Amino acid sequence: PTVFVITPTFKRFVQKAELTRVYQALKPVKNLHWIVVEDAINKTDLVANFLRTSGLKHTHLNVRTPDILRRHRNEMRRMKPRGVVQRNLGVQWLRENIDPHRTSGVIYFADDDNTYDSKIFDEMRWIRGVGVWPVAFTGAARWAGPLCKNGKVVGFHAKWGRFRPFPIDMAAFAVNLRKLLIDFPNAKFVAVEKPGMLESSLLSQITKVEQLEPVTPNCSKVYVWHTRTETPRDSILGEKQLIKKGMPSDKSIET
Ligand code: UGA
Ligand code: MN
């Protein structure tokens, strides 16, 4: 089976560093197809060149988050989920370009800023419906996610967000291709204005808690960390000052 990885990404100071970290986790994995969806009106050269030189099987897409779904400066941090239309476009691309009767596989939604152990991709490859596993630094706990016993999910661990129908992070599940392409051809993420509900908005359309398949095995290991990269403000500020002085860092050197 092929592992289809859908990654929303957007332009920012640390973007290439983030993409490099994800790319290095994907590189050793056999039979993997990376679908990178830029949150932008146009595709950027940085991402296009990055994918071209990566040597990975990839698809480059773009769609700008519509203004009503964008988070504005004065809005609360958690009210507008990110990467929604990008992930949905990735799924739509699969629906239009992959024949699930000829290709077997799983779909994973991998944010560009998390830290992935390559092992997770070979574990998720065999999921038949929806597979789940714990993710570090989510749910306001050291790790959060499913509690598993004898191949069944028997509960969830989290400090925050226990009210959710599926109290797991985006990085904590993968879905068999057939589920989204054949069984539920209209299922998609819905940008509800309630914190933490994005994962549940899709999962509640396509599965039930009792049907979830434990991975890693039996949800016993963490292979994904929900890391968040600090913006290097001193570099941003310092570069502005260098530009003012007429001494910008060589623009032909990409960062
Ligand atoms: C948490 C979850 O882990 C995400 O999967 C979920 O989308 C997010 O909350 C949310 O609130 O929607 P968090 O670290 O807060 O993650 O989110 P980000 O990593 O900032 O964004 C998730 C993805 O969307 C990333 O791949 C990011 O590159 C992308 N993104 C972010 C965009 O495409 N456009 C943006 O304007 C911001
Ligand atoms: Mn993140």
Side-chain angles (χ1 to χ4, degrees), residues 4-23 25-26 34-44 46-47 50-51 58-73 75-93 107-116 120 132-146 156 158-161 164 166-175 188-203 222-231:
F4 293 95
V5 177
I6 298 176
T7 299
T9 189
F10 70 110
K11 186 180 157 67
R12 59 204 190 279
F13 213 69
V14 298
Q15 183 181 28
K16 193 177 182 184
E18 307 284 36
L19 291 174
T20 299
R21 207 166 68 256
V22 179
Y23 148 76
L26 304 185
W34 195 15
I35 300 166
V36 176
V37 191
E38 286 195 72
D39 185 349
I41 298 167
N42 298 301
K43 296 183 179 69
T44 63
L46 187 147
V47 175
F50 184 89
L51 288 172
H58 65 268
T59 298
H60 186 187
L61 305 171
N62 67 288
V63 57
R64 168 109 169 140
T65 301
D67 201 53
I68 40 158
L69 295 182
R70 298 196 82 79
R71 185 178 320 175
H72 297 281
R73 239 179 265 273
E75 260 165 352
M76 247 180 52
R77 204 168 81 84
R78 288 271 151 236
M79 291 309 272
K80 297 260 171 91
R82 283 157 280 181
V84 180
V85 297
Q86 289 75 25
R87 295 185 190 95
N88 285 337
L89 180 64
V91 172
Q92 188 192 321
W93 184 90
I107 304 173
Y108 180 55
F109 301 99
D111 291 352
D112 65 357
D113 60 339
N114 294 335
T115 303
Y116 306 92
I120 192 63
V132 291
W133 54 83
V135 174
F137 317 151
T138 61
R142 188 165 62 84
W143 63 268
F156 294 93
K159 159 84 168 63
W160 181 87
R164 298 173 292 172
F166 294 84
I168 60 175
D169 187 75
M170 190 64 70
F173 69 93
V175 183
K188 60 175 182 177
F189 289 101
V190 183
V192 280
E193 287 210 358
K194 190 173 172 187
M197 287 301 287
L198 191 58
E199 296 83 354
S200 294
S201 79
L202 177 77
L203 290 170
V222 163
Y223 289 142
V224 186
W225 294 260
H226 187 252
T227 43
R228 317 195 74 212
T229 302
E230 187 186 352
T231 303

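As the structure lists them, so they are numbered: ligands from 1, and atoms in each ligand from 1. Just so you know, these numbers come straight off a predicted model, no measurement behind them.
Counting only N and O atoms by type, the side chains of T9 and Q86 include no donor and acceptor under 3.5 Å apart. Residues K43 and N62 bring a donor and an acceptor atom of their side chains to less than 3.5 Å of each other. In this model, a donor atom of one side chain and an acceptor atom of the other lie less than 3.5 Å apart for D39 and T65.
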Q | side-chain contact (heavy atoms from CB on, under 4.5 Å) evaluation trace for D111 with R87 | A | CA-CA 10 Å; D111 291 352; R87 295 185 190 95; 2.8 Å; yes
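The proximity of K80 to ligand 1, defined as any non-hydrogen pair under 4.0 Å, does not occur for either the backbone or the side chain. Contacts between D112 and ligand 1, counted as non-hydrogen atom pairs separated by less than 4.0 Å, involve both the backbone and the side chain.
Contact analysis puts D113 in contact with ligand 1, with a non-hydrogen atom separation below 4.0 angstrom. Ligand 1 has R87 within reach: a non-hydrogen atom of the residue lies less than 4.0 Å from it.
The heavy atom nearest to atom 34 (N) of ligand 1, considering only L19, D39, V22, I6, is found in D39. Taking each of F109, F137, F189, F10 in turn, the one with a heavy atom nearest to atom 37 (C) of ligand 1 proves to be F10.
The ligand atoms of ligand 1 that sit less than 4.0 angstrom from a heavy atom of D111 are 2 (C), 3 (O), 4 (C), 5 (O), 22 (C), 23 (C), 25 (C), 26 (O). Per-residue contacts place G83 under 4.0 angstrom from the following atoms of ligand 1 (heavy atoms of the residue considered): 24 (O). Every atom of ligand 1 is numbered from 1 in the order shown, and the set under 4.0 Å from a heavy atom of R228 is 13 (P), 14 (O), 15 (O). When each atom of ligand 1 is checked for a heavy atom of M170 under 4.0 Å away, the hits are 5 (O). Those atoms of ligand 1 that come under 4.0 Å of a heavy atom in D169, given as number and element, are 2 (C), 3 (O).
With sequence neighbours left out, the side-chain contact (heavy atoms from CB on, under 4.5 Å) criterion links P146 to V132, C148, V153, F156, I168, C219. Among residues two or more places apart in sequence or in another chain, the salt bridge (charged side-chain N to carboxylate O under 4.0 Å, His left out) test is passed with R12 by E18, D112. Partners of Y116 under the side chain to side chain donor-acceptor pair (under 3.5 Å) rule, at least two apart in sequence or in another chain, are N114.
Sorted by chain and number, the protein atoms of type N, O or S within less than 2.8 Å of the Mn ion (ligand 2) are D113 OD1, D113 OD2.
At least one side-chain heavy atom of F109 sits less than 4.5 Å from a side-chain heavy atom of L202.
Ring planes of F50 and W34: perpendicular class, angle over 60° (limits at 30 and 60°).
A distance of 7.5 Å separates CZ in F4 from CD1 in I107, rounded to the nearest 0.5 Å.
Between the side chain of Y108 and the main chain of A171, a donor-acceptor pair closer than 3.5 Å is present. In this structure, the side chain of S200 engages the main chain of F166 through a donor-acceptor pair within 3.5 Å.
The neighbour count for R142 CZ, taken as heavy atoms of other residues, nucleotides or ligands under 6.0 Å away, does not exceed 12.
Among the atoms of R71, none of the N or O lies under 3.5 angstrom from an N or O of ligand 1. By the 3.5 Å distance cut-off applied to N or O atoms, E199 is not counted among the residues near ligand 1. Remark: ligand 1 and A110 share no N or O pair separated by less than 3.5 Å (distance only, no angle test).
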